[in-house]
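See structure below.
Every chain is numbered from 1, with letters handed out A, B, ... down the list of sequences.
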Protein chains: 2
Amino acid sequence: MNTTEKTQIDTRTRIIATTTDMFLQQGFSGTSMSAIAKSCNMTKASLYHHFDGKEDLFIACVTYGYTAALDALAKIADDAALSAEEKLRAGVGALYTTMITAPVGRMSPLIAEVSRAFPNVARSFHAEYIEPQRATLWRIVEEGQSSGAFRDFDKNQFFHIAFGPMVTLSLSREMFATFDDLDDHFPVDELRDGHADVLLKMLAAE
Amino acid sequence: MNTTEKTQIDTRTRIIATTTDMFLQQGFSGTSMSAIAKSCNMTKASLYHHFDGKEDLFIACVTYGYTAALDALAKIADDAALSAEEKLRAGVGALYTTMITAPVGRMSPLIAEVSRAFPNVARSFHAEYIEPQRATLWRIVEEGQSSGAFRDFDKNQFFHIAFGPMVTLSLSREMFATFDDLDDHFPVDELRDGHADVLLKMLAAE
DNA sequence: GTCTATATCCTGATAGAC
DNA sequence: GTCTATCAGGATATAGAC
């Protein structure tokens with residue numbers, strides 16, 4: 001990799017980081033290309049040199065961090081030292097971290113915002129992020145089932161109860177971000193632990 | 001009520017219905033006042049005669065149907081012929097209907113979209129819709145607890161597991177509305193019934 | 001790769017006649 | 001209560017020099 005390529009990548013990454021913050025703060029439509037360029041200390045024309053347009057830039061922001069989030073979950077699923085119950089609890093913890101603090105998770109409401117205008121954004125989000133995540137989590141459940149620790153449970157039903165609360169928590173925290181008592185209303189750690197308890201009890205073999 | 005007042009209300013209602021559809025289809029920023037006026041077969045100036053501005057119109061759309069949704073749940077909570085378990089199941093059913101099919105529920109992602117620009121929209125949504133809904137549902141739980149049918153359970157924790165899946169389901173269905181196999185991915189009736197089972201088992205006295 | 005300058009269009013909102 | 005006409009500003013995006 002020569003110097004030019006490295007600089008290109010750094011600039012792109014820098015733009016993505018700045019833009020992600022702005023999208024999360026002000027939404028997709030609320031963030032203009034002019035404002036992004038200004039925050040990146042460059043002109044609009046330069047910005048358009050690095051990204052084809054606003055949609056392209058948005059996709060780059062959403063996609064950035066996909067792999068890190070998926071790898072973290074996969075690592076837990078593959079950890080031979082953990083039991084299925086321990087994996088499930090750790091996996092739920094990792095998912096909460098991703099959804100509440102990582103851009104990928106916090107961007108979900110934004111994806112809903114743009115999904116009608118750019119349906120392919122929603123499609124790729126589903127195919128490249130949602131589905132792999134569900135698949136990895138389900139591997140953990142199946143392992144517990146074959147070892148006799150977990151009972152049979154409908155797959156979609158499990159995802160409904162497993163992902164529902166954490167996605168809603170993320171949405172709520174974005175929605176009520178202006179509340180000064182946000183953590184009293186939505187205490188992440190406490191809700192996460194209680195949620196894991198419910199899931200484990202729900203799956204426990206009789 | 002004289003004729004003029006009646007006409008005013010009808011026009012307002014007509015605008016609200018049309019606008020709600022457009023907001024749900026294209027988002028808040030994706031729907032312009034010009035487009036709304038055209039869909040209502042009037043000019044922008046006439047539209048501005050009925051509503052102070054876009055924010056005002058949005059609030060009217062979100063608010064429309066509040067009372068109907070809250071009354072439906074309250075009626076179940078007050079039904080003397082039902083046991084706490086039956087009330088909970090019926091209440092969950094009513095909430096699913098509201099969130100999946102009624103504008104109030106489907107608008108949630110939109111409220112997240114505009115909440116940074118108009119924080120008071122989020123505040124009033126929380127105070128006038130979320131809180132009363134939680135309060136009514138919690139009355140049902142408390143009734144079951146005092147009759148000995150339900151065990152003790154942390155309030156926020158319960159809401160986390162109760163509302164999370166249904167809000168996420170609504171969000172997902174808006175997000176992936178362009179999928180042709182939407183009902184295969186997110187079958188409402190099935191997920192609702194399974195969710196109610198989980199909640200009842202979770203609350204069941206030992 | 002970054003700049004200045006510009007094109008083109010659309011936005012929310014209003015004034016004032018009827 | 002509805003209209004025509006218009007405002008001032010901002011949106012995305014591009015052309016072409018350096």
Identify each donor-acceptor pair in which a side-chain atom of residues 34-51 of chain A lies under 3.5 Å from a protein atom, sequence neighbours left out, and give them as a table.
from	atom 1	to	atom 2	distance (Å)
S39(A)	OG	A35(A)	O	3.3
T43(A)	OG1	S46(A)	OG	3.3

To the nearest Å, how far apart are [X] [atom1] and [N] [atom2]?
{"X": "I36(B)", "N": "dC10(C)", "atom1": "CD1", "atom2": "C1'", "value": "14 Å"}
{"X": "H50(A)", "N": "dT2(C)", "atom1": "NE2", "atom2": "C1'", "value": "8 Å"}
{"X": "F58(B)", "N": "dA13(C)", "atom1": "CZ", "atom2": "C1'", "value": "19 Å"}
{"X": "L47(A)", "N": "dC3(C)", "atom1": "CG", "atom2": "C1'", "value": "14 Å"}
{"X": "K38(A)", "N": "dT2(C)", "atom1": "NZ", "atom2": "C1'", "value": "17 Å"}

request  = Measure up the F125(A) and F176(B) rings against each other and bin them: parallel (under 30°), tilted (30 to 60°), perpendicular (over 60°).
outcome  = parallel
task = Name all pairs fulfilling the side chain to side chain donor-acceptor pair (under 3.5 Å) condition that reach into residues 12-24 of chain A, sequence neighbours left out, sorted by first residue then second.
result = none
ask   = Any salt bridge (Lys or Arg N to Asp or Glu O under 4.0 Å) pairs touching residues 87-109 of chain A, not counting sequence neighbours?
value = K87(A)-E143(A), R89(A)-D197(A), R106(A)-E174(A)
key: OP1 or OP2 of dT2(C) under 4.0 Å from side-chain N/O of T43(A)   =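 T43(A) to dT2(C) OP1/OP2: no side-chain N or O under 4.0 Å.
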task = Can you check each nucleotide of nucleotides 12-18 of chain D against protein heavy atoms at under 4.0 Å and return B for base, S for sugar-phosphate only, - for none, in 5' to 3' order?
result = BBBB---
query = With sequence neighbours left out, what residues match D189(A) under salt bridge (charged side-chain N to carboxylate O under 4.0 Å, His left out)?
reply =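 Scan of D189(A) (salt bridge (charged side-chain N to carboxylate O under 4.0 Å, His left out), adjacent residues dropped) gives R192(A).
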request  = Return the set of residues passing salt bridge (charged side-chain N to carboxylate O under 4.0 Å, His left out) with D56(B) (not counting sequence neighbours), or none when no residue passes.
outcome  = none
